[in-house]
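Notes follow once the structure below has been shown.
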Amino acid sequence: MKLIARSQQGFTLLEVIVAVVIAALCLGALSQVFATGVRAASTSSDYMRAMTLAQSLLSGVGVEKLVSDGSESGSSKDGRLAWTLTIASEPTDEAENPVLPPLELKRVVARVVAVNPGDVSGKPGRTVELATLLAVPRATP
């Protein structure tokens, strides 16, 4: 009677340990990639909210708010965005012209800063600043 060698069945302990270590390294790398993606999505979301608020502030000047020189500031309802709206006269070359045009230019600047409530470093977050010029009727003397 011939003895037939049985094939090896199962894995050795060393092979199992190596497989577990490789799996752990792969899962660690994947978790880092996932965390980076989540941070990038959060940053992008904050930037889009800041951009939308700045555009909203600019579009409200002359419609919801009078166009008069000055500055005002505030924050969003959730406190994550702080904004400043500044309106100032834009200098023009009117000194040489004895007849003043019926319109004057106003520079409107909307600045929005993303505030991180958990950040204790004190440094401001990302800033979005949009500016435009508006032609408004000149005040009559």
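Below, all heavy atoms of this structure are taken into account, side chains as well, without hydrogens, waters or symmetry copies.
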Heavy-atom pair of closest approach, residues A50 and V128
CB-CG2, 3.7 Å

Please find the pair of heavy atoms, one from S75 and one from W83, that lie closest to each other, and give the distance.
N-NE1, 3.4 Å

Any donor-acceptor N/O pair, S42 side chain to V38 backbone, under 3.5 Å:
no

Report the distance from atom OG1 of T12 to atom CD1 of I17, rounding to the nearest 0.5 Å.
8.5 Å

Run the side chain to side chain donor-acceptor pair (under 3.5 Å) test against E129 and tell me which residues pass, sequence neighbours left out.
R111

Quick check: closest heavy atoms across Q55 and L130, and the distance to 0.1 Å?
CG-CD1, 3.7 Å

Would L105 and L134 show up in the same hydrophobic cluster when neighbours are defined by side-chain heavy atoms closer than 4.5 Å?
no

Okay, side chain of S56, backbone of T52: is any donor-acceptor separation there less than 3.5 Å?
no

Please give me the minimum heavy-atom distance between P137 and E104, naming the atom from each residue.
O-OE2, 4.2 Å

Please list, chain by chain and in numerical order, all residues satisfying side chain to side chain donor-acceptor pair (under 3.5 Å) with S89, sequence neighbours excluded.
D69, K106

Answer with yes or no whether the hydrophobic clustering places V113 together with L57; edges join I, L, V, M, F, W, Y residues whose side-chain heavy atoms lie under 4.5 Å apart.
no

Could you grab the distance from atom CG of L81 to atom CZ of R49, nearest 0.5 Å is fine?
4.5 Å

Cluster check V109, L53: I/L/V/M/F/W/Y, side chain < 4.5 angstrom:
no

If I compare all heavy atoms of A54 with all of A110, which pair ends up nearest, and what's the gap?
O-CB, 3.8 Å

Can you list everything that forms a side-chain contact (heavy atoms from CB on, under 4.5 Å) with S71? Sequence neighbours excluded, please.
T84, T86

Is the shortest side-chain heavy-atom distance between R126 and D46 below 4.5 Å?
no

Do the side chain of T36 and the main chain of Q32 share a donor and acceptor less than 3.5 angstrom apart?
yes

Might you point out which heavy atoms bring V63 and S59 nearest each other, and give the distance in Å?
CG2-O, 3.8 Å

Answer yes if V108 and L103 sit in the same cluster of Ile, Leu, Val, Met, Phe, Trp and Tyr residues linked by side chain heavy atoms under 4.5 Å apart, and no otherwise.
no

Does the side chain of I87 come within less than 4.5 Å of E72's, by heavy atoms?
no

